[in-house]
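Here the structure comes first, spelled out in C-alpha cells, and everything after it is commentary.
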Amino acid sequence: MREPGFWWRKAGLASALLSPLAAGYGMVAARRMGRRGVGAGVPVVCIGNFTLGGAGKTPTAIAIAQMLAASGEHVFFLTRGYGGSVAGPKRVEPDADSAAQVGDEALLLARAAPTIVARDRVAGARLAKAQGASVIVMDDGLQNGAPAK
C-alpha cells in the first residue's frame with residue numbers, strides 16, 4: 001500500500017486559502033470535544049472519528065459488538081438517530097420503526113443488537129443500562145460533541 005501522492009506536493013493557493021478555516025474548525029472541535037463527560041455506569045466503546053460517512057464506523061461498531069457479545073457481554077448500541085425524527089431516548093424496534101423515525105443507521109444497528117436512539121446521549125445511556133446493557137457501543141460518538149440537552 002502506498003501513501004497518496006498529494007502528501008508530497010507543495011502546498012498551493014487552495015491550501016493557503018483554506019488554512020485559516022481549518023484552524024478555526026480545529027479550535028471549535030477541540031473546545032467541544034474537551035468538555036468533561038458524564039459517567040454512563042457501564043463501559044462505553046466509542047467508534048468514531050471526525051469524518052462524516054464512508055469511513056467504516058458502522059461495520060466496525062457491529063463487529064466489535066459481536067465480539068463483545070461472544071465474550072458474554074450484553075451489548076447495546078447508542079446512536080443519535082441521524083436522519084430520524086425521534087429525539088428519544090427510545091429503543092429501536094427494527095420491525096416496527098421506520099428510517100424516517102429513527103434513521104436508517106439505527107435500523108441497521110438494531111438488527112445486530114439492542115439499539116437506543118437518543119439525541120441526549122446521557123439519557124440514552126441511562127435507558128440502555130436500565131434495560132440491561134453491560135456495555136454500550138457508539139459509532140457516532142465523535143460526530144457531535146454537543147452536551148446533553
Side-chain angles (χ1 to χ4, degrees), residues 1-8 15 18-19 21-149:
M1 180 176 228
R2 297 190 58 175
E3 70 278 354
F6 67 84
W7 284 8
W8 305 113
S15 63
L18 292 173
S19 185
L21 180 63
Y25 178 86
M27 288 185 336
V28 170
R31 188 178 71 236
R32 290 177 75 199
M33 299 312 289
R35 292 181 183 147
R36 184 169 173 82
V38 177
V42 297
V44 176
V45 178
C46 179
I47 311 301
N49 57 29
F50 296 107
T51 303
L52 296 174
K57 294 180 295 285
T58 300
T60 300
I62 291 170
I64 288 174
Q66 289 170 339
M67 287 187 276
L68 289 165
S71 69
E73 297 292 341
H74 192 219
V75 180
F76 270 64
F77 288 112
L78 176 59
T79 184
R80 294 178 63 84
Y82 179 76
S85 61
V86 173
K90 178 199 183 327
R91 184 168 174 166
V92 176
E93 301 296 334
D95 295 326
D97 292 327
S98 70
Q101 294 170 302
V102 297
D104 58 351
E105 188 173 86
L107 290 175
L108 176 65
L109 293 170
R111 296 198 190 289
T115 300
I116 304 293
V117 167
R119 304 275 157 77
D120 178 341
R121 286 182 273 197
V122 173
R126 286 187 189 125
L127 178 59
K129 184 179 177 199
Q131 293 193 1
S134 65
V135 63
I136 295 170
V137 175
M138 296 179 12
D139 83 332
D140 59 1
L142 299 179
Q143 297 305 306
N144 187 320
K149 295 179 181 170

* For Ala133 against Val42, the heavy-atom pair lying closest together -> O-CG1, 3.5 Å
* Structure fact -> Leu18 meets the side-chain contact (heavy atoms from CB on, under 4.5 Å) criterion, sequence neighbours left out, with Leu21
* Structure fact -> The side chain to side chain donor-acceptor pair (under 3.5 Å) partners of Glu93 (sequence neighbours excluded) come to none
* Asked: Taking only residues two or more places apart in sequence or in another chain, which ones pass side chain to side chain donor-acceptor pair (under 3.5 Å) with Arg91?
  -> Gln131
* Structure fact -> Closest non-hydrogen atoms of Leu107 and Asp97, given as atom of the first, atom of the second and distance, are CD2-O, 3.7 Å
* What pairs of residues pass the salt bridge (charged side-chain N to carboxylate O under 4.0 Å, His left out) test when at least one of them lies in residues 37-47, not counting sequence neighbours? -> none
* Asked: Any side chain to side chain donor-acceptor pair (under 3.5 Å) pairs touching residues 70-79, not counting sequence neighbours?
  -> Glu73-Ser134, Thr79-Asp140
* Structure fact -> Taken to the nearest 0.5 Å, the spacing of Arg80 CZ from Asp120 CG works out to 8.5 Å
* Please step through side chain to side chain contact (heavy atoms under 4.5 Å, CB included) for the pair Ile62 and Leu108, ending with a clear verdict. => CA-CA 9 Å; Ile62 291 170; Leu108 176 65; 4.2 Å; yes
* Structure fact -> Hits for side-chain contact (heavy atoms from CB on, under 4.5 Å) against Ser98, two or more places apart or cross-chain, chain-then-number order -> Ala100, Gln101
* **Pairs flagged by side chain to side chain donor-acceptor pair (under 3.5 Å) wherever residues 104-115 is involved - sequence neighbours left out** => Thr58-Glu105
* Qualifying residues under side-chain contact (heavy atoms from CB on, under 4.5 Å), relative to Val45, sequence neighbours excluded -> Ile47, Ile64, Leu68, Val135, Val137
* To do: Output all residues satisfying side chain to side chain donor-acceptor pair (under 3.5 Å) with Ser15, sequence neighbours left out; order by chain, then residue number.
  => none
* Minimal non-hydrogen separation, Ala125 against Ala40, with atom names -> CB-CB, 4.0 Å
* **Counterpart residues, side-chain contact (heavy atoms from CB on, under 4.5 Å), relative to Ala113 (two or more places apart)** => Phe77
* Kindly give the heavy-atom pair with the smallest separation between Leu78 and Arg121, and that separation in Å. => CD2-O, 3.5 Å
